[in-house]
Amino acid sequence: MPARTESGSAATDGFADAVIDWFEIHGRQDLPWQADPSPYRVWVSEIMLQQTRVGTVIPYFRRFMARFPDVAALAAADIDQVLHLWTGLGYYARARNLHKAARTIVEEHGGRFPDTLAELDRLSGIGRSTAGAILALAHGRRAPILDGNVKRVLARCFAVEGYPGGSKTRSELWVLAERLLPHRLSDSRTGSGRSRIGAYTQGMMDLGATLCTRTNPDCPQCPLQPRCLARQRGETDRYPGKKPAKTLPVHSVIMLILQDAEGRVLLEKRPPNGIWGSLYSLPQIETHDGTPTLPAGLPGLRLANESPAELPPIRHGFTHFQLDITPLHYRVAQTALAVAESGRWLWYSIVDPAEVGLAAPVRKLLAALASAEPQRPGSSMRREEP
């Protein structure tokens, strides 16, 4: 039955208290961003946690904070430095948006982190849920969130039909998220000093992450079990509704590993938009008829007089398609400097790697190449035009 008929006062009374009481005893209270929940630290953690598990995020968050301890440091950084620290987390648009938003905060807000929903919502990469998390966790404001974990808890507890990504279901969940917020904002019951809205917000996320999991939810330990409609009906696997099945198209490319006599590999910086935006990748060509040829813009390269080595293919998954990659390894006999687009090309040392962001399959290919080749003494990275 839809949430609109099941979420009356009897179902919502005491909901926030149950979540807060559980969190104060069983919730995660030692996460690195909780030690100093400033708006900046909460923001970075929330962006990193989008579609990424806490255990994966923690070391990235610590390295990021050590390098960029505040919004001014992040705004002043080069995008390559930011993407380098993000390498391996995936969904790199998150890092580009963090960097862009940091510069907006410095340039348009004087370095003061915005503290209203309207201002936060205008920053790159910050939507309604992330803005709500910043307001609730950093400011103790009464603002709802609706990340994946919270969607799952609400959909099960109130038997909300449909896929949460659909507009109708998402709207119902937002109504619930707003209605269930605690009205009293201070004085957690254990006297921890944490705001009630902060405890409730973190508690909802923790419930979804640790108990109300996608599969095999631990219902006996859940504080919401007595009021959970999905549990009462024995239908926890039905909620939330599954995403409609969709067959992903498959695209194919050839990636060229162009390696010079010093063992360096030629990388090309991707355009700011699109897949792997602003990351360094291997030059690539679409697979069409005929023999692969070097892409345009590579003057002064002479390949060794030998056939390229075809490495094992790689399939890399994106949200909307699959990418089949065929790596071809060429030895470069000679390079010459030429006038080219500034910053587009980089001779990348696999022995002394530069601090730049790398596309995930490229990082794997370079790591395999480094482990397979003897190290050359005295080799170092230098940036130049090929």
Go through the side-chain N and O atoms of [X] and [Y] and say whether any donor and acceptor fall under 3.5 Å apart.
X: R94; Y: T52; value: yes
X: E268; Y: Y280; value: no
X: T169; Y: E172; value: no

Quiz item: salt bridge (Lys or Arg N to Asp or Glu O under 4.0 Å) between R196 and D17: does it pass, once the steps are laid out?
Solution: CA-CA 9 Å; R196 283 176 57 79; D17 287 341; 2.7 Å; yes

Practice problem: Take atom NZ of K246 as the centre, draw a 6.0 Å sphere, and report whether it contains more than 12 heavy atoms from other residues, nucleotides or ligands. | Solution: no

Pairwise side-chain contact, [X] with [Y], heavy-atom cut-off 4.5 Å (strictly under):
X: L207; Y: L224; answer: yes
X: T326; Y: V253; answer: no
X: L154; Y: L180; answer: yes
X: W22; Y: D206; answer: yes
X: K242; Y: Y163; answer: no
X: T236; Y: C219; answer: yes
X: L365; Y: I314; answer: yes
X: R170; Y: P164; answer: no

Specify the closest pair of heavy atoms between [X] and [Y], including all atoms of both residues, with the distance to one decimal.
X: H316; Y: A360; answer: CE1-CB, 3.8 Å
X: A95; Y: L83; answer: CB-CD2, 3.9 Å
X: A354; Y: Y348; answer: N-CE1, 3.6 Å
X: I105; Y: P114; answer: CG1-CD, 4.0 Å
X: V54; Y: L49; answer: CG2-CD2, 3.7 Å
X: S195; Y: G140; answer: OG-CA, 3.8 Å

Quiz prompt | T201 and its side chain to side chain contact (heavy atoms under 4.5 Å, CB included) partner, picked from L135, I20, L137 | solution = L137

Please report the interatomic distance [atom1]([X]) to [atom2]([Y]), rounded to the nearest 0.5 Å.
X: C212; Y: R156; atom1: SG; atom2: CZ; answer: 4.0 Å
X: I79; Y: H84; atom1: CD1; atom2: NE2; answer: 13.0 Å
X: L181; Y: R179; atom1: CG; atom2: CZ; answer: 11.5 Å
X: L123; Y: E119; atom1: CG; atom2: CD; answer: 8.5 Å

Hey, can you pull the donor-acceptor pairs under 3.5 Å for the side chains in residues 55-69, sequence neighbours left out?
from, atom 1, to, atom 2, distance (Å)
Y60, OH, T87, O, 3.0
R67, NH1, E355, OE1, 3.4
R67, NH2, E355, OE1, 3.0

Exercise. Could you tell me whether D115 and R141 have a side-chain N and a carboxylate O separated by less than 4.0 Å?
Key: yes

Practice problem: Verify the ring-centre separation between F15 and F158: is it less than 6.0 angstrom? | Solution: yes

Practice problem: Please report the C-alpha distance between E161 and K168 in whole Å, then the side-chain angles of each, then the deciding distance to 0.1 Å, and finally whether the salt bridge (Lys or Arg N to Asp or Glu O under 4.0 Å) criterion is met. | Solution: CA-CA 10 Å; E161 302 283 358; K168 179 177 179 294; over 6 Å; no

Quiz item: Which pairs count as salt bridge (Lys or Arg N to Asp or Glu O under 4.0 Å) when at least one residue sits in residues 315-328, sequence neighbours excluded?
Solution: R315-D324

Quiz item: What residue pairs, at least two apart or across chains, pass salt bridge (Lys or Arg N to Asp or Glu O under 4.0 Å) with a residue in residues 32-55?
Solution: none

Exercise. Please step through side-chain hydrogen bond (donor to acceptor under 3.5 Å, both in side chains) for the pair Q259 and R331, ending with a clear verdict.
Key: CA-CA 5 Å; Q259 190 172 23; R331 293 288 180 179; 3.3 Å; yes

Exercise. Would you please test T130 and Q50 for side-chain hydrogen bond (donor to acceptor under 3.5 Å, both in side chains) and show each step?
Key: CA-CA 9 Å; T130 301; Q50 293 172 359; 3.2 Å; yes

